[in-house]
Amino acid sequence: MKLIFLGPPGAGKGTIATRLAEDEGIPHISTGDIFRENIRNQTELGKKVKAILDSGDLVPDELTVELVKDRVAQPDAAGGFILDGFPRTVPQADALADFAPVDKVLNFVLDEEEIVRRLSGRRVHKPSGRTYHVLFAPPKVEGKDDETGEDLIIRDDDQPEAIKNRLAVYEKQTAPLIEYYNSRGLLTDIDSAPAPDEVYKAVRTELGLA
Ligand code: AP5
């Protein structure tokens with residue numbers, strides 16, 4: 001099962017991908033998570049991309065493509081993977097078709113008002129990447145991670161200005177991939193508006209796993 005999760009920022013791709021990857025025993029490859037981990041560890045890559053992520057712009061294609069090419073070549077991805085947040089441009093999609101063609105693309109659909117609500121209420125446990133929402137998926141103790149009790153943070157790119165930019169970047173650079181994959185017969189829309197359990201059920205049904 002080689003999958004792409006496509007969709008605007010905040011549509012719930014990461015929430016569903018984390019769960020599906022765990023249940024199916026395949027890696028969840030999130031380029032955003034990989035970049036954020038590098039920023040956290042202050043690697044050369046992390047230093048290069050920090051300002052780009054904070055503003056909501058895209059990391060250059062060459063960097064991102066190399067990173068994903070290396071990651072999908074790892075042994076744990078041999079039986080399948082979920083790509084979350086990649087590809088995000090047509091050149092990235094063209095490159096992926098050469099080194100790791102996928103079976104299916106799930107396009108998470110959500111309107112802009114709800115996207116903004118989700119992103120502005122998101123809270124993250126930085127070390128693990130666990131994600132919460134102040135209203136829709138609150139932690140057991142306000143502001144604290146359920147597993148470790150450590151503080152939750154607001155992602156720098158979940159500030160209003162960055163959200164606005166991410167939505168504009170999505171429309172311009174990533175939305176054209178909907179037609180790209182539709183015309184190749186690979187795309188299915190997933191309504192991302194219902195609660196996470198329902199969205200997850202719809203995804204499993206679509207993948208023939210229900
Ligand atoms: P990335 O980390 O990929 O961010 P994104 O696409 O903006 O996606 P998000 O993580 O914001 O949203 P999501 O859809 O995963 O939603 P989530 O499940 O968290 O990328 C970050 C940056 O890295 C980019 O801006 C760029 O700079 C760089 N980058 C990454 N990939 C790149 C690439 N390929 N090329 C170039 N640059 C790249 O859910 C959001 C919130 O809603 C959470 O609080 C959650 O609890 C809640 N929620 C989820 N589902 C539901 C539901 N059904 N109902 C109610 N609430 C829900």
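Read the numbers this way: they start at 1 and go in the same order the structure lists the ligands and their atoms. Note that the coordinates shown come from a computational prediction; the quantities given were computed from them, not determined experimentally. The figures that follow rest on heavy atoms only: side chains count, while hydrogens, waters and symmetry mates do not.
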Checking heavy atoms under 4.0 Å, the part of Pro194 that sits near ligand 1 is backbone
Contact region, Thr89 to ligand 1, non-hydrogen atoms below 4.0 Å, reads neither
Checking Leu58, Asp57, Asp157, Leu53 against Arg166 for side-chain contact (heavy atoms from CB on, under 4.5 Å), the one that qualifies is Asp157
Taking only non-hydrogen atoms of Arg36 and a 4.0 Å limit, the atoms of ligand 1 in range are 2 (O), 21 (C)
Tested for side-chain contact (heavy atoms from CB on, under 4.5 Å) against Thr64, the lone hit among Arg88, Gln92, Lys69 is Gln92
* Can an N or O of Asp158 be found at a distance shorter than 3.5 Å from an N or O of ligand 1? -> no
Any heavy atom of Arg123 under 4.0 Å from ligand 1? The part involved is neither
Tyr132 heavy atoms within 4.0 Å reach ligand 1 at atoms 43 (C), 44 (O), 46 (O)
Quick note on ligand 1: atoms under 4.0 Å from a heavy atom of Arg166 include exactly 4 (O), 5 (P), 7 (O), 9 (P), 11 (O)
task = Please confirm whether Arg130 makes a cation-pi placement over Tyr132, using NZ or CZ under 6.0 Å from the six-membered ring centre and within 45° of the ring normal.
result = no
Quick note on ligand 1: atoms under 4.0 Å from a heavy atom of Gly14 include exactly 13 (P), 15 (O), 18 (O)
The atoms of ligand 1 lying under 4.0 Å from a heavy atom of Thr64, numbered in the order shown, are 33 (C), 34 (N), 35 (N), 36 (C)
With sequence neighbours left out, the residues meeting salt bridge (Lys or Arg N to Asp or Glu O under 4.0 Å) with Asp189 are none
Within the 4.0 Å heavy-atom cut-off, what Ser30 brings close to ligand 1 is neither
Handout entry: Under 3.5 Å donor-acceptor, Glu171 side chain and Leu167 backbone
Key = no
**Report entry** Within one Ile-Leu-Val-Met-Phe-Trp-Tyr cluster: Ile26 and Tyr200, side-chain cutoff 4.5 Å
**Finding:** yes
Within 4.0 Å of some non-hydrogen atom of Asp57, the atoms of ligand 1 are 25 (O), 26 (C), 27 (O)
Near Leu119 (heavy-atom distance under 4.0 Å), the atoms of ligand 1 are 11 (O)
Residues passing the ring pair (Phe, Tyr, Trp, His ring centres under 6.0 Å) test with Phe86, sequence neighbours excluded, are none
Logged contact type for Glu198 with ligand 1, heavy-atom cut-off 4.0 Å, is neither
Atoms of ligand 1 under 4.0 Å from any heavy atom of Phe136, numbered from 1 in the order shown, are 55 (C), 56 (N)
